[in-house]
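Below is one structure, written out as structure tokens; comments come after it.
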Amino acid sequence: MASSQQKAFPVGETLQSQVTPGVSSRYDFPLRPAKMALLIIDIQDELTKVDPTSEKYKHSIAFPRMIHNTERLLISARSGKIQVIFTYLQALTDDCRDVSLDYKLSGDLSNLPGPSNPAKFLPGITPIAGEEICLPKTSCSVFQSTKLEYILRNLQVEQLLVIGQLTDQCVESAVRDAADLGFFVTVVDDACAANSADCHEKGLHGMKGFCRILETDQVLQEISSYDEVNSAEQIIPSLPAAGHVKQKSASGVDNTDHSITIPKPSQHFRDKDKGCETALLRSLRTAGVKFIRYTIVDAYNTIRCKAVPLNYLIERRVSRPMTSPTSIAEVCFAGLPTTIDVPKAPNLTASNVLTLEPDLSSLHILPYAPKTAMVMCTAHDQLTQELSPLCTRGLLERVLQAAREEIGIEFCVGAEIEFMLHRLNKDGLMKPVDASTFANSTTLNDQEDFISSVYDQLRQQDISVELIHAESAPGQLEVVLSYSDNVLQIADNVLFAQETIRNIATHQGMKAVFLPKTSMLSAGNGLHLHFSFKDIGSPQNAFSDSSRTTGISCKGESFIEGLLDHLSSLLSFSLPTVNSYRRVGAGCWTGSSADWSIEDKEVPLRVCVDLNTRKATNVEYKLADATANIYLELAMILSAGMEGLKSGKELRPMASTDAAAAPLPQSLQESLECLKLDNFLLSVLGPELSTAYIAVREYEATNESSLEKEVLSALGNA
């Protein structure tokens, strides 16, 4: 809002007499009810029927917005005794012989309403007989086909407030003609409509040199704040004036300083981010995207999202149109179990709402749903905009920030996604697509189309795949995502990859199942994670050190010891369901005690050796599966490792048959009991998230489903 005030105009003086050529601007002359008229162009039943089932821009956005704001402006004009003028398409003859040549050559416009079948107006936007002026017209410009100028002169109108349709046709013609005829013109952006957003923008661009362009709220504020008796109190409108109001001394000499200080090139500043989101949205629209899914993953790994129409975001007309368009109740982030929408966290209710802030670096167009893009979000308090302590993606970001700032390292992570493919058999039941075994070629051969589609669609989303092979269970595959030093991105990629796999399987008549266990007679599905790190500013892997006996650096050993110290508690995040514990145990290649070793698949923490250099490169965390929230899981595992790093913990001896290691929890409830005693991990979680997480997971632990029922539900056979 401009802070300066406009000089009072003498009652008998015209607005034109107040213009200083080359100095005054259109924005120096806000609307004055006694000097203005509201001109409504072509808002009539024949042209403005809204089809609520149509996805076209004019039906879904333009017409509803124009109608709503026209009704608001009409109410204001009538209460302020502002002259209202309706102009509409209607011929003077029933056979339309009097319409313009242009209309006769324009298809439907050659057949306008006539005297025997007059034009109809919309409910709420209908002229008041005897008070408001109605001018039928037979061409694009109302000034060319009516006596509007003559009428406005008689009414002593100097300002026109123009609304209606179409922005780039009849509205633009009227505005240009009115400006040329000496009227001060204001166009209301969101009370005009066109056939497309591009046409609307084109029309506004064509008019901007002939008028002011405001929004409805600005116009209503301008009209309501005007004091006709004491016009010196009139505030200049929110769009900045380009010139100065003329000032005179007592002698009548103009003392106004008309000089303008132009910033030097070295002082030039541009907000480089301004307009970027609008440009991105327009590019997405060109690519055929209609919706953006604002997505979060709750603490219990339920994907929750809301689809916002792309055109709605474009029409918001703010500098960051993608920011905070939607919200989700706080309880949905950490209060609802995976099976029911009934809160089980004692500290969370539906009274608080969190806004969703998109991380645009995570935005993907979904190849399996090409009219939709998905973006991962963080959750923020709707009043303070502070990051919510319940936001697990935000927690991972905070942990990574602490690693950089407090320890001076950056983590690298890899992920191995396991799942099983099922298909309907002749009995109408979902069964594994084959009975192959580990690294068998059968699944690769039989499912080549599926595997190829998965690979292609992941590549379309810039998700790099390192390896694909059959796993031990019937119909089981493993997709290995490439190792990355962008931990947040690898977490996002795990989520996007799982969603892609599920949808491709469905499209090909199959079901992709990520459950930890589907049968006690076969192997289960894990989601193994690999970890290493590097010192900030160095490309070298700081986890390894070939000069040491183990091949692991001192820092690497401390990191592993930190994991081992907290492993029993970590299982409540990485094996967070009852079913998770059916997959693990002695002989299951997962480990069942707090052990580590080099290239031993029977321990929970396996140090991996590079096939080429023969050096230790990373540690594999095997006690993890796809039921975990990947952001929360990574945040807690990395925090445990960082605690070992910061305190310089000494790594315990490698697993051996001579010394039995401490057994790990064998159930979800046991791991939760360990978490309750782990003050360090509880401090990382914070009181809000820890209270909710433990309560909901304990509810799930005591309300478990049988394996058979869980599998039937996942397969859709229930």
Side-chain angles (χ1 to χ4, degrees), residues 1 61 65 68 190 215-218 221 238 271 273-278 280-281 291-337 341-363 372-401 488 491-492 495 629 631-632 635 684-693 695-696:
M1 179 72 72
I61 294 178
R65 182 185 63 187
H68 171 67
D190 54 1
E215 295 186 356
T216 299
D217 289 341
Q218 292 174 289
Q221 175 63 32
S238 57
D271 183 352
D273 292 331
K274 186 176 182 180
C276 290
E277 290 186 14
T278 300
L280 172 61
L281 290 170
F291 305 99
I292 295 182
R293 291 180 192 170
Y294 283 70
T295 306
I296 60 102
V297 181
D298 75 10
Y300 316 107
N301 202 39
T302 298
I303 298 173
R304 301 187 186 275
C305 54
K306 292 185 176 182
V308 181
L310 194 74
N311 282 334
Y312 167 77
L313 296 173
I314 293 175
E315 294 301 320
R316 292 183 77 193
R317 299 191 179 283
V318 293
S319 60
R320 293 193 61 204
M322 297 183 72
T323 301
S324 302
T326 189
S327 61
I328 293 181
E330 183 181 67
V331 70
C332 295
F333 286 83
L336 304 178
D341 278 348
V342 178
K344 296 298 178 182
N347 59 324
L348 300 179
T349 69
S351 61
N352 294 323
V353 172
L354 301 178
T355 60
L356 304 188
E357 293 293 339
D359 178 353
L360 297 185
S361 68
S362 72
L363 189 142
T372 298
M374 189 160 85
V375 65
M376 302 309 301
C377 301
T378 48
H380 297 255
D381 184 280
Q382 65 173 337
L383 299 179
T384 67
Q385 285 302 298
E386 287 186 3
L387 181 69
S388 169
L390 300 176
C391 179
T392 57
R393 193 173 189 273
L395 175 60
L396 177 57
E397 288 187 278
R398 290 189 285 134
V399 168
L400 296 173
Q401 180 181 351
L488 193 63
D492 291 339
L495 181 75
N629 173 318
Y631 305 101
L632 180 58
V684 174
L685 275 181
E688 298 93 338
L689 185 52
S690 61
T691 299
Y693 188 83
V696 173

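All values derive from a computational prediction rather than experimental measurement.
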| field | Residue pair Leu313 / Pro325: nearest heavy atoms and the distance that separates them | value | CD2-CB, 3.7 Å
| field | Set of residues satisfying ring pair (Phe, Tyr, Trp, His ring centres under 6.0 Å) with respect to Tyr300, sequence neighbours excluded | value | Tyr693
| Quick check: does any side chain N or O of Glu330 sit under 3.5 Å from a backbone N or O of Asn352, one acting as donor and the other as acceptor? | no
| task | In sequence, state the C-alpha distance, the side-chain angles, and the governing distance for Met322 and Leu363, and then conclude on side-chain contact (heavy atoms from CB on, under 4.5 Å). | result | CA-CA 11 Å; Met322 297 183 72; Leu363 189 142; 3.8 Å; yes
| Side chain proximity check, Glu397 to Leu387, heavy atoms < 4.5 angstrom | no
| Ile61 side, atom CD1; Glu315 side, atom CD - distance, nearest 0.5 Å | 5.5 Å
| For the residue pair Pro309 and Phe291, what are the closest heavy atoms and their distance? | CA-CD2, 3.9 Å
| query | For Ala695 and Pro346, which heavy atoms make the closest approach, and how far apart are they? | reply | CB-CD, 3.5 Å
| task | Would you indicate whether the side-chain heavy atoms of Val297 and Met376 approach each other to under 4.5 Å? | result | yes
| request: Could you list the residues that satisfy salt bridge (charged side-chain N to carboxylate O under 4.0 Å, His left out) with Asp359, not counting sequence neighbours? | output: Arg393
| query | If you look at every heavy atom in Pro358 and Cys377, which pair is closest and at what distance? | reply | CA-SG, 3.8 Å
| task | Report yes if the side chains of Thr323 and Gln385 come closer than 4.5 Å at any heavy-atom pair, otherwise no. | result | no
| query | Under the side-chain hydrogen bond (donor to acceptor under 3.5 Å, both in side chains) test, which residues partner Thr302, sequence neighbours left out? | reply | none
| note | Exactly one candidate in Asn301, Thr392, Asp492 meets side-chain hydrogen bond (donor to acceptor under 3.5 Å, both in side chains) with Tyr631; the answer is Asp492
| Quick one: side-chain hydrogen bond (donor to acceptor under 3.5 Å, both in side chains) partners of Ser327, sequence neighbours excluded? | none
| Least distance between heavy atoms, Gly335 atom then Leu348 atom | N-CD1, 3.8 Å
| field | Within-4.5 Å side-chain heavy-atom neighbours: Ile292 and Leu281 | value | yes
| said: Taking side-chain hydrogen bond (donor to acceptor under 3.5 Å, both in side chains) as the definition, give me every residue that meets it alongside Thr378, ordered by chain and number, with sequence neighbours left out. | reply: His380
| Are a donor atom and an acceptor atom from the side chains of Thr691 and Asn347 found within less than 3.5 Å of each other? | no
| request: Check whether any side-chain heavy atom of Arg304 lies under 4.5 Å from a side-chain heavy atom of Phe333, and answer yes or no. | output: no
| Close side-chain approach of Leu632 to Leu689, heavy-atom, < 4.5 Å | yes
| task | Quick one: do Asn629 and Asp298 satisfy side-chain contact (heavy atoms from CB on, under 4.5 Å)? Show the steps, please. | result | CA-CA 7 Å; Asn629 173 318; Asp298 75 10; 5.5 Å; no
| Would you call Leu354 and Ile296 a side-chain contact if the rule is heavy atoms closer than 4.5 Å? | no
| note | Tightest non-hydrogen contact, residues Pro687 and Ser690, listed as O-OG, 3.3 Å
| Heavy-atom side-chain contact between Leu396 and Leu488 under 4.5 Å | yes
| field | Residues forming a side-chain hydrogen bond (donor to acceptor under 3.5 Å, both in side chains) with Glu688, sequence neighbours excluded | value | none
| Once you round to the nearest 0.5 Å, how far does CZ of Arg293 lie from OG1 of Thr372? | 4.5 Å
